[in-house]
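I have placed the structure first, in the form of C-alpha cells, so that the comments after it can refer back to it.
The chains referred to below are lettered A, B, ... by the order of the sequence lines, with proteins before strands, and numbering in each begins at 1.
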Amino acid sequence: MYAFYGPRGWWPVRTKAGIPGFDSRGYHKGDYSLPQSPGEVFEIVTGAILTQNTSWKNVEKTIEELKQKDMLSPHALAGSDPGDIARLIRSSGYYNQKTKKLINTSLYFLKEKFLETSLSPGRTGLLSVWGIGPETADSILLYAFGEPFFVVDAYTKRLLTRLGCISGNESYDEVQKYFTARKKIPEALPLVHYYNEYHALIVEHAKQHCRKNPICPGCPVKRICRYG
DNA sequence: CGCCAGGTGGGAT
DNA sequence: ATCCCACATGGC
C-alpha cells in the first residue's frame with residue numbers, strides 16, 4: 001500500500017497548513033519530525049477527540065475556529081463556558097459530548113503538566129479520562145507523543161476482515177495484537193514511523209477502495225483479498 | 001432522500 | 001463479557 005499510495009504525511013497539523021513543507025491542509029509527507037511544540041501536540045490531541053466517528057473534513061473547520069478564537073489550549077478550554085465551546089465545535093457533531101471530553105482532557109493535561117514537561121500521559125492515563133477510548137488513546141500516543149502504539153479503527157477491522165486475516169468480531173486489543181505481534185517489519189523505517197504510515201495508509205485505502213461497498217478494480221491488494 | 005464518517009460511554013442482559 | 005443505544009453535523 002505504501003508503494004501504491006505513498007507517504008501520507010500524518011498527523012495533519014492545521015496550524016501549519018500552507019507553509020513550506022506542508023500542503024494546504026497541514027499534511028507533511030515524509031516528514032516525521034512533528035509535532036514540534038506543545039501547541040502542536042495539543043492540536044493533535046484535540047483533533048483526535050473531535051474526529052471520533054466524524055469525518056476529518058468537519059473537524060478541520062472546528063480546529064480553525066478554535067485556533068482563531070485562541071481556544072486551542074488546555075488552559076482556554078478548561079476555563080471556558082461549556083456552552084461557548086459547544087457552539088465553537090458544532091460542525092464536528094456530538095458537540096455536547098465532545099465539549100465534555102475536551103474539558104476533561106484539558107483538565108487532565110493541566111493537572112499532570114504533560115505539555116510543559118513533554119512527558120507522555122501513557123496509555124492507562126489516557127484511558128482513565130472520560131471521553132478517551134483505545135483508538136483515541138493510541139492516536140494521541142502515536143501521533144502526538146511519537147510512541148509506537150498501533151491505531152486500530154473501523155477501517156482496519158474492515159480491511160483485515162476482507163483480507164481474511166481476522167473474523168471481524170475481535171476486540172480492539174486483539175486486532176492490535178495482530179500487528180504488534182508481527183516480526184516482518186521493514187528495517188528501513190523506525191517502528192513508530194512504520195505504525196504512523198500503516199494506519200494512515202489503511203484510512204486512505206478504505207476511502208479509495210475498501211469502502212463499505214468495495215471498489216475492487218484497481219485495488220492494490222486485490223491479489224491477496226477474497227473480494228475482487 | 002438515505003447513508004456514512006479516522007468512537008465512546010452507559011445501561012440492560 | 002456482550003449486545004444495544006444515544007450522541008449530531010455535513011458531504012455525497
Which part of the nucleic acid does A/Arg158 contact within heavy-atom distance under 4.0 Å: base, sugar-phosphate only, or nothing? sugar-phosphate
In whole angstrom, give me the gap between the P atoms of C/dC5 and B/dG6. 24 Å
In whole Å, measure the gap between the P atoms of B/dG9 and C/dG10 for me. 24 Å
May I ask you to evaluate whether A/Arg8 reaches the phosphate of B/dG6, defined as a side-chain N or O under 4.0 Å from OP1 or OP2? no
Would you say that A/Glu197 contacts A/Arg8 through its side chain, given a criterion of any heavy-atom pair below 4.5 Å between the two side chains? yes
In whole angstrom, give the distance that lies between atom NZ of A/Lys98 and atom P of B/dG6. 11 Å
How about A/Thr62 and A/Lys98: does a side-chain donor come under 3.5 Å of a side-chain acceptor? no
Side chain of A/Tyr155 only, please: which of C/dT9, B/dA5, B/dG7 is the nearest? B/dA5
Remember a base hit wins even if backbone is also touched, and classify A/Ile202 as base, sugar-phosphate or nothing at under 4.0 Å, heavy atoms. nothing
For atom CG of A/Asn58 and atom C1' of B/dA5, their distance in whole Å: 8 Å
So, the side chain of A/Glu135 versus the backbone of A/Val151: is there a donor-acceptor pair under 3.5 Å, distance only? no
For A/Trp130 and B/dG9, do the ring centres fall under 5.5 Å apart while the planes stay under 30° apart? no
If you apply the rule side-chain contact (heavy atoms from CB on, under 4.5 Å), what do you find for A/Leu141 with A/Tyr195, and how did you get there? CA-CA 11 Å; A/Leu141 292 168; A/Tyr195 285 172; over 6 Å; no
With the side chain of A/Ser55 defined as its heavy atoms from C-beta on, choose the nearest nucleotide among B/dA5, C/dT9, C/dC7. B/dA5
In whole angstrom, what separates A/Lys100's NZ from C/dA6's C1'? 12 Å
Length of the OH-C1' vector between A/Tyr143 and B/dG6, whole Å: 9 Å
Backbone of A/Asn196 reached by a side-chain donor or acceptor of A/Tyr143 within 3.5 Å: yes
How many whole angstroms separate atom CG of A/Asn53 from atom P of B/dG9? 13 Å
When all nucleic acid strands are considered with a 4.0 Å heavy-atom cut-off, which category describes A/Thr136: base, sugar-phosphate, or nothing? sugar-phosphate
Rounded off to whole Å, could you give me the NZ-to-C1' distance for the A/Lys101 and B/dG10 pair? 12 Å
Classify the nucleic acid contact of A/Lys212 as base, sugar-phosphate or nothing, counting any heavy atom under 4.0 Å across all strands shown. sugar-phosphate
If the P atom of C/dG11 is compared with that of B/dT8, how far apart are they to the nearest Å? 24 Å
A/Thr54 side chain: which of B/dG6, C/dA8, B/dT8 is closest? C/dA8
Side chain A/Glu40, main chain A/Gln36, donor-acceptor under 3.5 Å: yes
Counting only side-chain heavy atoms from C-beta out, which of B/dT8, B/dG6, C/dA8 sits nearest to A/Tyr27? B/dG6
Is there aromatic stacking of A/Trp11 against B/dG6, centre distance under 5.5 Å, plane angle under 30°? no
What's A/Val129 touching, base or sugar-phosphate or nothing? Going by heavy atoms closer than 4.0 Å. sugar-phosphate
Whole angstroms only, please: what is the CG-P distance between A/Leu50 and C/dA8? 13 Å
How would you label the contact of A/Arg211 with the nucleic acid (heavy atoms, under 4.0 Å): base, sugar-phosphate, or nothing? nothing
Would you kindly give the OH-to-C1' distance between A/Tyr94 and B/dG10, to the nearest whole Å? 15 Å
